[in-house]
Structures are given as structure tokens and as C-alpha cells.
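Reading through the C-alpha cells given below for one structure.
Labels below follow one simple rule: chain letters A, B, ... track the order of the sequence lines, proteins then strands, and each chain is numbered from 1. No hydrogens, no waters, no symmetry mates; every other heavy atom, side chains included, goes into these values.
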Amino acid sequence: MNENAYTWRYSSLGLIIFLLPVMITLQLIRIQINPGWVKEVMEFGERFEKEAQFIDPPRGQILDRKGNLLAGNQIVYEVGIDLPKVVDPRSIATVLSSILDIDYEDVYSAASLEASDRAVYAVVADYLPQEKIDKLNIFIEQLDSEAIASPEKGLFNLAGIVKKPHLGRLYPERMIGSNFMGFSHVPNVGYFGVEEQYNDILSRPRETIWVPVNPLLAEEQTDVPSGSSLILTVDRAVQKSMEELVDEAVVETGSDSATIVVLNPKNGEILALATTPRMDLNDISEYKNLFPQGVPYNRAIGQDYEPGSVFKVLTMAAALDAGAVKPETQFVDTGVIEVGGLRIYNWDSGAWGPQSMLGCLQHSLNVCLAWVSTQMGYENFYPYMKAFGLGQLTGVDLAWEVSGRLKIPGDGDWYEADLGTNAFGQGVSATPLQMAVAISALANQGKIMTPHIVKAIVNEGYLRELGTSVMRVPIKLETANTITEMLARSLEIEASDALVTGYRVAGKTGTAEIPTPYGYTTNETNASFVGWGPADDPQFLIYIWLERPSVSPWGSVVASPVFREAVERLVVLIDLPPDDIRHQLDQNSQ
Amino acid sequence: MVVVFSTLFATVYLHISARTAEVGRQIQVMQNEIDEIDRMNEDLRSQLALIKSSDQMEQRAEALGFQPVQMDEITFLSVQGFMEPPVMVYQHRPVDASPGIAKLPDEYTESLFDWMRRKTAFYLVVR
């Protein structure tokens with residue numbers, strides 16, 4: 001081989017060695033000067049630089065007005081299978097199904113999945129409590145120690161099981177306040193009550209954080225703030241006491257259900273909202289049994305009914321305010337009145353003779369109140385009823401409120417006779433909360449405050465009080481004071497079961513027949529009572545509704561004692577002294 | 001001489017890189033620990049609430065011989081200067097005054113070259 005041949009080979013090799021770096025350099029320059037390429041290459045690199053971490057920010061807490069936790073968060077676990085690590089799907093399915101009480105076939109089919117780029121992890125159970133995970137851990141530890149002690153035995157191979165802790169909802173008070181609380185056992189979704197109404201405030205959407213894989217690029221992660229917390233107007237002790245009273249009332253009166261609404265008429269704060277049925281919020285498996293189709297989750301806001309005679313306080317307040325009657329106006333009750341072609345009778349079908357307006361309320365005379373509404377005329381009566389908020393949502397901050405029904409002139413199904421029947425609470429429907437809110441005008445100098453259950457929102461450590469506002473002013477201050485005095489006196493004259501020793505209260509019973517497609521029932525009623533006190537400076541308003549009591553159909557017999565009991569419990573829990581001591585304290589402080 | 005300096009430089013650089021990587025890993029581990037502690041805090045708050053739930057408190061009070069007070073068993077006293085406690089007591093959680101600003105010291109975030117640049121700038125300014 002001659003020298004030229006070697007020269008050619010060396011030259012070629014040299015050229016290749018020279019060209020390669022030149023080409024690499026040119027390629028680098030080409031990439032650098034082309035912004036599109038730079039972006040593409042950088043994005044490609046970043047894909048392997050960081051990995052995604054999904055964070056579900058903790059849901060905000062719910063506390064009562066004294067700071068007691070009503071809804072918080074606890075550690076629960078997601079159990080899944082890391083598919084590339086699975087060795088023995090049968091072992092995994094056997095162990096997980098027996099310890100976690102889940103279906104063997106579901107676990108086995110998940111564990112048997114072929115691992116691929118798209119299938120690397122399968123969830124088999126979620127929201128598992130710590131106790132179950134502890135059992136699983138103990139089993140795995142025992143298995144490991146046995147495997148070390150006797151490696152010749154063919155034991156379970158559980159490689160691939162993954163346990164991921166995260167937060168789930170916990171309701172420390174279980175059933176207390178379940179009807180207004182609602183529940184949330186799925187991230188960022190609330191059902192019913194406060195949990196649903198304030199879901200957007202309590203929860204925050206899932207955050208994706210990109211964490212560098214390369215420790216050299218480790219950086220501080222930004223804090224993911226948790227959802228805002230809520231402080232309610234409800235007092236846990238009052239709520240619990242009223243729920244106990246509701247349960248007792250159902251048993252003692254043989255009612256289908258019972259509801260008690262307690263609110264402060266001066267600011268619209270709901271102190272308690274107790275009804276039946278209730279559910280342990282930590283165990284929602286009972287939901288379908290407790291609330292079958294047609295049963296509202298919270299009767300206080302979700303079920304309207306014809307309230308009957310408690311409605312008379314609104315009719316009388318409107319008539320007094322409009323000047324249609326005065327407290328001393330005399331009406332001669334003949335036992336029947338015809339309005340719009342409909343003959344209206346009293347509850348006892350009797351004629352009560354001459355009566356003042358106080359007597360009409362005291363004896364709950366349908367004939368008299370129907371006459372009062374005719375004195376007002378429909379052109380005055382219905383605007384007043386609308387001003388009281390009937391037929392409209394109260395706007396309370398709870399999900400699933402219904403509005404009830406107030407037929408007005410011009411509606412296809414309104415007849416002139418409705419003016420007479422509406423006057424004593426027939427042919428008109430409202431929820432217990434709606435009635436309580438409407439009547440709160442009588443207890444608060446003619447003003448209706450916006451009803452609310454959330455007192456403050458706490459966000460990032462800062463507390464923001466939501467405040468109170470006047471929603472409507474349906475009647476004048478003088479009218480409110482007059483009717484409060486009339487109702488307090490009527491209870492005293494009647495020596496009602498609703499009277500409370502030491503506290504002067506105003507109130508009215510209600511007994512309503514129940515409408516059916518074939519007319520009104522004669523043997524089943526809705527019994528109600530509304531009362532507020534102290535009469536000279538109302539601090540509370542309590543509305544009672546007993547559905548179909550079997551012991552007695554009369555509100556005065558079954559609902560009045562429940563009101564008295566509710567007041568006796570409430571004044572202790574809210575530290576409200578008897579009237580004489582309160583007056584004495586007021587004098588001392590002046 | 002060049003080889004010695006290059007070797008020395010490479011050794012220092014490798015040492016610092018290794019330490020940076022180690023610190024980076026520690027940061028990641030600590031970040032996970034923070035997440036876990038946050039979760040535990042939430043959990044403990046709820047567990048405490050379970051222990052202080054009204055049913056539990058009532059049982060304990062009854063076991064200690066207490067009874068629910070009745071309306072007619074209360075005696076009201078007029079105390080001069082008594083201030084009614086606030087209805088709601090809420091502890092404000094301390095909030096970082098400068099959210100979003102990195103709190104890690106420079107040693108945890110800068111590279112060798114950043115450190116050299118910072119130090120060089122410092123000496124230049126001092127002189």
C-alpha cells in the first residue's frame with residue numbers, strides 16, 4: 001500500500017472529525033437563533049425536569065358562634081396499586097378485600113391490569129379511616145417478619161400496594177345541626193345547607209404544583225391556601241337542646257315530624273334550626289333511608305305548609321297598620337261570614353258574640369279575621385302580605401330553600417273567597433322559617449332583618465363579619481308594639497300553656513287542617529305556635545311546627561307546651577335573666 | 001500547574017454540587033414533612049373537637065356529678081364593672097407579612113457561579 005492511499009484515509013478521517021463538531025456547532029447555532037425551536041426544545045426538556053403534584057387544599061372549617069368546631073378535616077387514605085410493581089395480583093386482592101371490606105373481583109381486576117405508559121396506577125379504595133390502614137399495616141409488618149423468619153414458605157407478595165394520606169371531612173358533633181350543615185364527602189362538592197350554599201368559599205379548586213425532579217433545582221413551594229372557614233350564628237348548645245326537644249315533642253305528641261326555629265328578631269341571626277329526621281353526617285349511607293323521595297333535607301326551609309291560625313297575627317298587624325281596625329274595634333261574631341260566596345265558620349263552629357280585636361286573636365276566631373281582611377280589601381291585604389315576604393324566598397344563606405305560595409288577585413287560581421281564608425292561614429303556604437321571618441317584624445319594631453346563619457368568614461387568618469341588614473319594613477313601629485302587647489295580653493288572659501314564669505312573652509297558636517286533592521282533612525292537622533319575648537324587648541322568636549300530631553289536633557294543646565319548654569331552655573343557655581331582674585340590671589347600669 | 005488548578009477547581013465544584021444536591025433533596029423531604037404536619041394539624045384539631053363534642057362533654061360532666069341547670073335554679077348577681085365576654089372568640093392565625101417572597105437563605109438557592117458573582121461584586125463594592 002503506497003503513501004497516497006494512507007493520506008487519503010487520514011484526510012477523510014480528519015474531515016469527518018472536523019465536520020462533526022462543526023455540524024453540532026451549526027445545529028446549536030440554528031437552534032439558538034430560531035425562537036420557535038428554542039421554545040420547543042426547552043419545553044421538551046422541562047417535561048422531564050419536573051413532576052406534577054396535585055394538591056387538594058383543605059376545606060374550610062365550620063364553627064358555631066362560640067368557636068366550637070362543627071365541621072373539620074381528618075386524615076383519610078386512598079389505597080391504590082402501583083401496577084409496574086405488582087408481582088402477585090391474587091395476594092393483593094385477597095388481603096385488600098378482606099381487610100378493607102372491598103370487592104375481591106374489583107381489586108383483582110385492577111391489580112391484574114397490564115402496566116403501560118398510560119396505565120401505571122389504579123385506585124381501589126378511598127376515604128378509608130386510619131383504623132383500617134393501621135390493620136393493613138400490621139398485617140404487612142407481620143407478613144414481612146414471617147417472610148424473614150421462614151423464607152422457604154410461599155407467603156403473600158403484596159408488592160405494589162400504595163397508601164396515600166389526604167384530608168376528608170369530619171363532623172365532630174355528628175347529628176347536631178345536620179339539617180342546616182349539609183355535608184361534603186367529595187372534594188369541592190357540598191350537599192345541602194351551609195356546605196352547599198358556601199361551597200365556593202369553603203373549598204378551593206385542586207392545585208397542580210410542578211416539583212423539580214433534580215434536587216439541584218429544588219425550590220420553595222408556594223403555599224396553597226386552604227378554603228375559608230365559616231363562623232355561624234348558631235349556638236351549639238341551643239341547637240342541641242332544641243333538637244332534643246324536637247325529638248321529645250315527636251314522641252309525646254305522636255307527630256310525624258317536628259320543627260323548631262329560634263332566631264333573634266333584632267338582627268336576623270338564626271340561633272337554632274331543629275327538625276326531624278336528622279342524619280349522622282359522618283355516615284351518609286343512611287341518607288336514602290332517612291330522606292326518601294319527597295322528604296326534604298331540612299323541613300324548616302324546604303317544606304311549605306298551610307300554617308293556619310298563626311297567620312292571623314300577620315292579618316291583624318296589617319289591618320292595624322293600614323288603619324282598617326283598632327285594638328278596641330268591636331266585631332259581633334255570629335259564627336259565620338260569607339266571603340266571595342264561601343261560608344266561613346269558626347274552629348268550633350260557634351258564635352262568640354261581641355268581640356274586640358284582642359278577643360278575636362285570643363279566641364282565634366276565623367270569622368272575625370275574615371271580616372278584618374274584608375275591611376282591608378284585597379288591594380291592601382295582599383301588598384301587606386307581600387311586604388311580609390310571603391310567597392318569596394327569605395334569602396337565608398342555606399341551600400334548597402322553597403318559597404311557599406301566596407295567590408294574589410290576577411293569578412288564575414285566585415278567587416275572592418281566598419281573601420277570607422287567607423286571613424286565617426288557609427289557602428296560603430309558607431315554610432316555618434318564612435313564617436318566623438315574617439312575624440319577626442312584629443317583634444322588631446316593624447322591621448324584618450335579613451335572616452342568616454353565617455356570622456363571619458375567616459380567610460387566611462383574617463376575620464370578616466358579615467353584619468346585618470334590614471330586609472323589609474312592612475309595618476310601623478307603633479303597630480308592632482301594639483300587636484305584641486295584644487298577643488302578650490291574650491296569652492295571659494287565656495292562661496295559656498305557653499306562659500313562662502318570670503318572662504312576659506307574646507304569642508299565638510295555630511291549628512290548620514291539611515289540604516288534600518279532595519279537600520281539607522278533618523282528622524289530621526298541622527299544629528303551630530309562634531312566640532317572642534321578652535315582650536318589652538324581644539331577644540328571641542321561636543316558631544314551632546308539629547306535623548300531624550295524634551295526641552290532640554289542637555296547637556294550643558300540643559304546640560304551646562313545646563314553646564314554653566323551648567323558652568325555659570333557651571333563657572338558661574343565652575343567659576337571659578327574668579324580666580324583673582333585667583329591669584333592675586338596666587336601672588343599675590344607667 | 002494548569003492541570004493542578006483544573007483538578008482543584010473540579011474537586012471544589014463537584015463538592016459544592018454534591019452538597020447543593022443534598023440540600024436540595026433535604027428541601028424536598030422537608031416540604032413533604034410540612035405537608036404531612038399540616039395534615040396532622042388539621043386532623044388533630046378535629047380529633048380535639050371530637051373529644052370536646054357536646055355529647056362527650058355532657059357525659060363527662062354527668063360523670064363528675066354535674067346536672068343541667070334549670071331556669072329557676074339560677075341566681076343573677078349585679079356585679080359593678082362586669083364586662084360581658086365577646087360572643088365569639090377566634091384566634092387569628094399569624095400570616096406571613098410578605099407572601100410569595102422566598103424565605104430560603106441564599107446558600108440553598110444559588111449556584112457556585114452565582115456565589116462567585118455575588119462575592120466578587122461584594123469585594124468590588126467594598127474596595
Contact part of [X] toward chain B, heavy-atom cut-off under 4.5 Å: side chain, backbone, both or neither?
X	answer
A:P165	both
A:I75	both
A:I176	side chain
A:R174	side chain
A:V500	side chain
A:V572	both
A:L576	backbone
A:N68	neither

Has [X] got a side-chain atom pairing as donor or acceptor with [Y]'s backbone, closer than 3.5 angstrom?
X	Y	value
A:R236	A:D64	no
B:Q56	B:L50	no
A:D579	A:R504	yes

Rounded to the nearest 0.5 Å, what separates atom CZ in A:F180 from atom CD1 in A:I270?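 Separation between the atoms: 9.0 Å.
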Is there a donor-acceptor contact under 3.5 Å linking the side chains of A:E195 and A:Y171? yes
Pair B:E42 + B:R45: basic N to acidic O under 4.0 Å: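 A salt bridge links B:E42 with B:R45.
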Taking all non-hydrogen atoms of both residues into account, name the closest pair between A:P172 and A:G72 and its distance.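 Minimum heavy-atom contact is CD-N, 4.4 Å.
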I want to check something: taking the side chain as every heavy atom from C-beta on, are A:F183 and A:M279 in contact at a cut-off of under 4.5 Å? yes
Who among A:Q130, A:E173, A:E568 has the most heavy-atom pairs with chain B under 4.5 Å?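 Top count of heavy-atom pairs under 4.5 Å with chain B: A:E173.
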At a heavy-atom separation under 4.5 Å, does B:E36 approach chain A through its side chain, its backbone, both, or neither?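 Contact with chain A is absent: no heavy atom of B:E36 under 4.5 Å.
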Considering only heavy atoms, which portion of B:M40 lies under 4.5 Å from any heavy atom of chain A: side chain, backbone, both, or neither?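 Both parts, backbone and side chain.
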For chain A, find which of B:A21, B:P68, B:S17 contributes the most heavy-atom pairs closer than 4.5 angstrom.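 Result: the option with the highest number of such pairs is B:A21.
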